[in-house]
Amino acid sequence: MTRILFAGLALAITAIPAFAIRAMAPETPAVRAVLNPIVVIGKITAIEADPVQAAPVPGSKETVPFKLAVLKIETALSGAGGETHLKIGFREPPTGGPRRIRPPGGFGFAPKVGLEGVFFLTPHPSGGFVVIPPMSPPLEITGPKYKEELAAVKKALTVVEKPTAALAAKNQPDRYFAAAVLLSKYGTAPANATKVEREPVSADESKLLIAALLETDWTKPQPFGVPAPSILFWKLQLGPEDGWNPAPVKGGTNVAIHFKTELQKWYAAHGEKYQVKKYVEKK
């Protein structure tokens with residue numbers, strides 16, 4: 001039954017837009033780091049009294065109130081060079097009435113004064129503040145795995161800076177880690193993008209990405225806080241135009257092994273011409 005459910009889920013994922021998948025799936029610290037353009041270590045020092053009006057989601061003509069938290073930056077890990085403070089916009093749930101109805105844009109994470117740790121942020125389309133995406137909450141410095149998670153965040157950001165070098169690392173676990181964070185990034189629409197398109201990465205990087213997937217044991221859990229190969233595989237979004245025509249899963253078959261075998265067959269026949277595609281914002 002578990003294998004059947006997994007197969008159904010995997011097939012369903014291919015029909016769901018990348019931005020919707022992001023909203024559904026939890027993000028590990030390493031994945032949060034590469035999906036959000038701003039990553040900083042800092043501390044919430046104040047909550048401003050007066051809210052500001054802004055659109056709840058990109059493209060909306062309506063506005064809603066956002067409260068603003070003041071974040072003092074201690075270390076800019078990505079995307080906030082030269083900044084000492086940022087304002088984080090957030091929406092609080094209503095104090096009365098049913099809370100199960102969430103308005104467009106949701107409420108997100110509500111920071112409190114004194115909260116300290118790693119923040120994963122994306123600019124609000126208005127340009128006036130940043131927000132914390134719902135599935136990318138901060139890593140609190142008091143968390144039991146904070147040091148380990150911070151190390152994974154820094155490692156993931158290094159991978160994005162030099163992807164080809166990371167994919168060619170000496171150790172297999174490092175190569176898989178690199179492939180996992182890159183495919184997570186490439187297979188997810190940029191935050192707050194209203195229109196997206198997919199463009200190919202280099203042929204050399206594509207070969208290294210597929211090689212890292214195929215050399216990994218798909219039946220074993222990965223200990224690095226990144227998605228399993230059987231999940232990353234669907235980020236490729238292979239289709240008939242790529243020559244992808246896998247055999248159906250038979251009852252009693254291990255689904256992960258089945259799709260790894262099908263990927264190996266496909267790559268032997270079509271891999272030389274294939275280039276992994278990544279989502280970019282369409283201007």
J.: State the CG-CD distance between Leu68 and Glu48, to the nearest 0.5 angstrom.
T.: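 Result: 5.0 Å between the selected atoms.
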J.: Please determine, by modelled atom types, if Gln275 and Ser202 share a side-chain donor-acceptor pair under 3.5 angstrom.
T.: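 Short answer, no.
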J.: Any side-chain heavy atom of Val276 sitting closer than 4.5 Å to one from Leu183?
T.: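 Sidechains of Leu183 and Val276: in contact.
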J.: Are the side chains of Lys155 and Asp174 in contact, using a 4.5 Å heavy-atom criterion?
T.: yes
J.: Under 30°, 30 to 60°, or over 60°: which ring-plane class applies to Trp234 and Phe259, parallel, tilted or perpendicular?
T.: perpendicular
J.: If only side-chain N and O atoms count, and only distance matters, is there a donor-acceptor pair under 3.5 Å linking Lys235 with Thr188?
T.: yes
J.: For residues Leu263 and Val201: do they belong to one hydrophobic cluster (side chain heavy atoms under 4.5 Å, members Ile, Leu, Val, Met, Phe, Trp, Tyr)?
T.: yes
J.: Is the closest basic N to carboxylate O distance between Asp50 and Lys67 below 4.0 Å?
T.: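 Salt bridge between Asp50 and Lys67, a charged N being under 4.0 Å from a carboxylate O: no.
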J.: Measure from the side-chain N and O atoms of Lys185 to the backbone N and O of Val34, and report whether any donor-acceptor pair falls under 3.5 Å.
T.: yes
J.: Under the criterion ring pair (Phe, Tyr, Trp, His ring centres under 6.0 Å), which of Trp244, Tyr267, Trp266 is the partner of Tyr274?
T.: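 The passing option is Trp266.
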J.: Please determine whether residues Val159 and Val39 belong to a single hydrophobic cluster, defined as Ile, Leu, Val, Met, Phe, Trp and Tyr linked transitively by side-chain heavy-atom distances below 4.5 Å.
T.: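 The answer is no; the residues belong to distinct hydrophobic clusters.
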J.: Is there a chain of hydrophobic side chains (I, L, V, M, F, W, Y, each step under 4.5 Å between heavy atoms) that links Phe120 to Ile73?
T.: no
J.: Given side chains that start at C-beta, do those of Phe177 and Asn171 come closer than 4.5 Å, heavy atoms only?
T.: no
J.: Is any side-chain heavy atom of Glu74 less than 4.5 Å from a side-chain heavy atom of Lys43?
T.: yes
J.: Does any donor atom in the side chain of Glu205 or Tyr186 lie under 3.5 Å from an acceptor atom in the other side chain?
T.: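 Judged by distance alone, the side chains do pair up.
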J.: Nearest 0.5 angstrom please: Glu161 CD to Leu157 CG, how far?
T.: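 Going from CD on Glu161 over to CG on Leu157, the span is 7.0 Å.
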J.: Drop me the distance from Lys250's NZ to His258's NE2, to the nearest 0.5 angstrom.
T.: 9.5 Å
J.: Between Val70 and Ile47, is the side chain to side chain contact (heavy atoms under 4.5 Å, CB included) condition met? List the steps.
T.: CA-CA 6 Å; Val70 179; Ile47 305 294; over 6 Å; no
J.: Is the backbone N or O of Ile257 less than 3.5 Å from a side-chain atom of Asn254, with the two atoms forming a donor-acceptor pair by type?
T.: yes
J.: Run the side chain to side chain contact (heavy atoms under 4.5 Å, CB included) check on Glu27 and Leu35 step by step: do they pass?
T.: CA-CA 9 Å; Glu27 297 166 357; Leu35 293 189; 3.6 Å; yes
J.: Less than 6.0 angstrom separating the ring centers of Phe66 and Phe90, yes or no?
T.: no
J.: Is it true that a side-chain atom of Thr253 and a backbone atom of Val255 form a donor plus acceptor pair closer than 3.5 Å?
T.: no
J.: If only atom types and distance count, is the side chain of Glu262 paired as donor or acceptor with the main-chain N or O of Ala247 below 3.5 Å?
T.: yes
J.: Checking Gln172 against Glu215 for the side chain to side chain contact (heavy atoms under 4.5 Å, CB included) test, could you report, in this order, the C-alpha distance in whole Å, the side-chain angles of both residues, the deciding distance, and whether it holds?
T.: CA-CA 8 Å; Gln172 183 274 327; Glu215 71 176 344; 3.7 Å; yes
J.: Search all heavy atoms of Lys277 against all heavy atoms of Asp242 and return the closest pair with its distance.
T.: NZ-OD1, 4.3 Å
J.: Check for a donor-acceptor pair, side chain of Thr216 on one end and backbone N or O of Trp218 on the other, with a separation under 3.5 Å.
T.: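 No, because the side chain of Thr216 does not come within donor-acceptor range (under 3.5 Å) of the backbone of Trp218.
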J.: Any heavy-atom pair between the side chains of Leu139 and Phe119 that's under 4.5 Å?
T.: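 The answer is no, as the side chains (C-beta and beyond) never meet within the 4.5 Å cut-off.
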J.: Is there a side-chain contact between Ile132 and Pro138 in this structure, where contact means two heavy atoms from C-beta onward sitting under 4.5 Å apart?
T.: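 Touching, per the 4.5 Å side-chain cut-off.
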J.: Flag yes if Ile141 and Ile44 sit in one hydrophobic cluster, no otherwise; membership is Ile, Leu, Val, Met, Phe, Trp, Tyr, and two members link when side-chain heavy atoms are under 4.5 Å apart.
T.: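 Different hydrophobic clusters.
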J.: Does Leu77 reach the side chain of Leu150, with side-chain heavy atoms less than 4.5 Å apart?
T.: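 Result yes, sub-4.5 Å side-chain heavy-atom pair found.
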J.: In Å, rounded to the nearest 0.5 Å, how long is the span from NE2 of His85 to CG of Leu71?
T.: 8.0 Å
J.: Ignoring hydrogens and angles, tell me if any N or O in the side chain of His124 forms a donor-acceptor pair with the backbone of Ala55 under 3.5 Å.
T.: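 Yes, because the side chain of His124 sits within donor-acceptor range (under 3.5 Å) of the backbone of Ala55.
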J.: Do Val118 and Leu86 land in one hydrophobic cluster if side-chain heavy atoms of ILVMFWY residues count as linked below 4.5 Å?
T.: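 Unlinked, Val118 and Leu86 end up in two clusters.
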J.: With the threshold set at 4.0 Å, does a side-chain nitrogen-carboxylate oxygen contact exist between Glu281 and Lys195?
T.: no
J.: Hey, are Glu148 and Lys145 close enough for a salt bridge, meaning a charged N less than 4.0 Å from a carboxylate O?
T.: no
J.: For Leu236 and Arg198, work out which heavy atoms get closest and say how close.
T.: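 Heavy atoms of Leu236 and Arg198 come nearest at O-NH2, 3.3 Å.
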J.: Over all heavy atoms of both residues, which pair between Pro163 and Leu182 is shortest? Give the atoms and the distance, please.
T.: CB-CD1, 3.7 Å
J.: Measuring from Gln264:CD to Leu213:CG, what's the distance to the nearest 0.5 Å?
T.: 11.0 Å
J.: Is NZ or CZ of Lys260 both nearer than 6.0 Å to the six-membered ring centre of Phe233 and within 45° of the ring axis?
T.: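 Lys260 over Phe233 ring: no.
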J.: Grab the two heavy atoms, one from Gly79 and one from Ile38, that are nearest each other, plus how far apart they are.
T.: O-CG1, 3.7 Å
J.: Kindly give the heavy-atom pair with the smallest separation between Pro190 and Val196, and that separation in Å.
T.: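 Looking at all heavy atoms of both residues, the closest pair is CD-CG1, 3.9 Å.
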J.: Is the shortest heavy-atom distance from the side chain of Arg32 to the side chain of Pro137 under 4.5 Å?
T.: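 Side chain of Arg32 against side chain of Pro137, heavy atoms only: contact under 4.5 Å found.
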J.: Going through the distances and angles, do Leu167 and Arg175 end up as a side chain to side chain contact (heavy atoms under 4.5 Å, CB included)?
T.: CA-CA 5 Å; Leu167 289 167; Arg175 294 194 294 273; 5.8 Å; no
J.: Quick check for you: to the nearest 0.5 Å, what is the distance between Asp217 atom CG and Tyr176 atom OH?
T.: 11.0 Å
J.: Does any donor atom in the side chain of Thr122 or Asn36 lie under 3.5 Å from an acceptor atom in the other side chain?
T.: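 No, no side-chain donor-acceptor pair sits under 3.5 Å.
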J.: Which heavy atom in Ala80 sits nearest to a heavy atom in Val40, and how many Å separate them?
T.: CB-CG1, 3.7 Å
